[in-house]
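Just so we're on the same page: letters track the sequence lines, and every chain starts at 1. What you see is a predicted model, and the numbers here were worked out from it, not measured in a lab.
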There are 2 protein chains.
Amino acid sequence: MITLDTIDKKLIGYLQQDAKKTTKELSFLLGLSNTAVYERIKKLERQQVITNYVALIDKEKVEKNFMVLCHVKLNQHLKKNILQFEKEILKLEEVLECYHVSGDYDYIIKVFVKNMDAYRKFLVEKLTVISGIGSTQSTFVINEVKNTTHIVL
Amino acid sequence: MITLDTIDKKLIGYLQQDAKKTTKELSFLLGLSNTAVYERIKKLERQQVITNYVALIDKEKVEKNFMVLCHVKLNQHLKKNILQFEKEILKLEEVLECYHVSGDYDYIIKVFVKNMDAYRKFLVEKLTVISGIGSTQSTFVINEVKNTTHIVL
DNA sequence: ACTGAAAAGCGCATTGC
DNA sequence: GCAATGCGCTTTTCAGT
């Protein structure tokens, strides 16, 4: 079992906000030595608490700011259909997230495309061609109020 | 208007996968010199195409892997209610994402907590105390099939 | 805009406290 | 478990094309 003390949690918090912070800066913020901070980061990486470091981009600036939450229902809950659907979804680059959920629908997927036309194309050419899909229902995002990757511990 | 050429798009792709890649590695991958890559990255940062660099963590390892998609309906669509709700949501650390959406509900929020008990507490103590909220409907995530921050250009 | 080389700063490993 | 040293690499700058 992994146990994180207060300093680890603070450290993870800082790195979730800015991965480019140097150990020097972090050691100042945490009131620790350079080496201590370095060892803690390496440990968190080794334990796979920190999985990776990524650049985040502005979706508007790259014209991928048309976002849709699409509810998907399979027509039969056969293991074969489930595995097939999940395998195909992983391949679709327009789908950033996919969750198997409780309730009326089986999956909720988050899709990013350029505009409505691109979405229509995605729907007819990529999503609904997956075998086993019963129905879909698209919920369009009018405004992104909040979107962060920062999990507060 | 920002225009990105093929090299920029490739570069953004690499950095979205691994922000720790050195300019040396990138220059090899892109077939450019160190400085050329460096200048392109700096330009993308200046243009705010790349907004920031973050560490991603394993939600299971930090015990925040109980995820709920909660649909929220306001009782009246007054500008006052909307602004109030959006302001309060920004403050809730359990809410990582919030979208104003079309359809039967007004907002969909993505919530990360430890377990069902923590979610119940979040619901009664933090979410439903926001004035103007009409109703909520919680959709529980059974399994995370896909979750990436990588937008393919 | 790209190249190449040279300076400044940081990461990383090691030593000793 | 922390401070200090030193090497190597990376980032950053600069002159030149």
Side-chain angles (χ1 to χ4, degrees), chain A residues 1-64 114 148-153, chain B residues 1-63 148-153:
Chain A
M1 187 51 206
I2 292 163
T3 47
L4 304 170
D5 65 13
T6 319
I7 295 172
D8 284 323
K9 289 178 184 175
K10 271 193 191 176
L11 177 55
I12 293 169
Y14 290 131
L15 292 174
Q16 281 188 102
Q17 289 174 66
D18 180 12
K20 289 275 153 105
K21 276 202 162 63
T22 61
T23 51
K24 206 176 170 185
E25 288 177 272
L26 292 166
S27 63
F28 175 73
L29 288 167
L30 297 167
L32 281 177
S33 72
N34 220 309
T35 323
V37 173
Y38 176 75
E39 290 300 339
R40 278 174 185 266
I41 294 172
K42 287 300 142 193
K43 191 176 175 189
L44 292 169
E45 288 172 0
R46 238 183 299 115
Q47 292 173 323
Q48 286 278 90
V49 173
I50 294 173
T51 54
N52 56 338
Y53 299 92
V54 301
L56 298 181
I57 62 171
D58 186 329
K59 295 177 277 291
E60 291 195 26
K61 297 238 168 76
V62 297
E63 301 208 303
K64 294 278 184 187
K114 185 178 179 183
T148 177
T149 54
H150 183 192
I151 297 169
V152 179
L153 304 181
Chain B
M1 187 51 205
I2 293 163
T3 47
L4 303 170
D5 65 13
T6 319
I7 295 173
D8 285 323
K9 288 178 185 176
K10 272 193 189 175
L11 177 55
I12 292 168
Y14 291 131
L15 292 174
Q16 282 188 105
Q17 288 174 64
D18 179 11
K20 289 275 154 104
K21 274 202 164 63
T22 62
T23 51
K24 203 178 171 184
E25 288 177 90
L26 293 167
S27 65
F28 174 74
L29 289 166
L30 297 168
L32 281 176
S33 73
N34 216 312
T35 320
V37 173
Y38 177 77
E39 291 298 340
R40 278 174 183 267
I41 294 172
K42 288 298 142 191
K43 191 176 176 188
L44 291 168
E45 290 171 359
R46 239 183 298 116
Q47 293 173 322
Q48 286 278 90
V49 173
I50 294 174
T51 54
N52 55 339
Y53 299 93
V54 302
L56 298 181
I57 62 172
D58 185 330
K59 295 177 277 287
E60 292 195 25
K61 296 240 168 74
V62 297
E63 301 209 301
T148 178
T149 54
H150 183 190
I151 298 169
V152 179
L153 304 181

A/L32 vs A/R40 side-chain heavy atoms within contact, under 4.5 Å | yes
dist A/K42:NZ -> A/E39:CD (nearest 0.5 Å) comes out at 9.5 Å
Considering only heavy atoms from C-beta outward, does the side chain of B/L26 approach that of B/I41 to under 4.5 Å?
-> yes
Using atom NZ of B/K43 as one end and atom C1' of D/dT13 as the other, report the distance to the nearest whole Å.
-> 19 Å
Consider only side-chain N and O atoms of B/N34 and B/T23, and report whether a donor and an acceptor are under 3.5 Å apart.
-> yes
Just by protein heavy atoms under 4.0 Å, how would nucleotides 4-17 of chain C read 5' to 3' in B, S and -?
-> BB----SSSS----
Quick one: does A/K21's side chain get under 4.5 Å of A/F28's, heavy atoms only?
-> no
NZ of A/K20: more than 12 outside heavy atoms within 6.0 angstrom?
-> yes
Write down the distance between CG (B/D18) and C1' (D/dT10), rounded to a whole number of angstrom.
-> 15 Å
A/L153 side, atom CG; A/K10 side, atom NZ - distance, nearest 0.5 Å | 13.5 Å
When rounded to the nearest 0.5 Å, the distance separating CG of B/D58 from CD1 of A/I2 is 7.5 Å
For DNA chain C, the expected dot-bracket line (Watson-Crick or G-U under 3.5 Å, [ ] crossing, | inter-strand) is ||||||.||||||||||
Within less than 4.0 Å of OP1 or OP2 of C/dC2, is there a side-chain N or O belonging to B/R40?
-> yes
Nearest-Å distance, CD (B/E25) to C1' (D/dC9)?
-> 12 Å
A/D8 has an atom CG; how far is it from atom C1' of D/dG1, in whole Å?
-> 14 Å
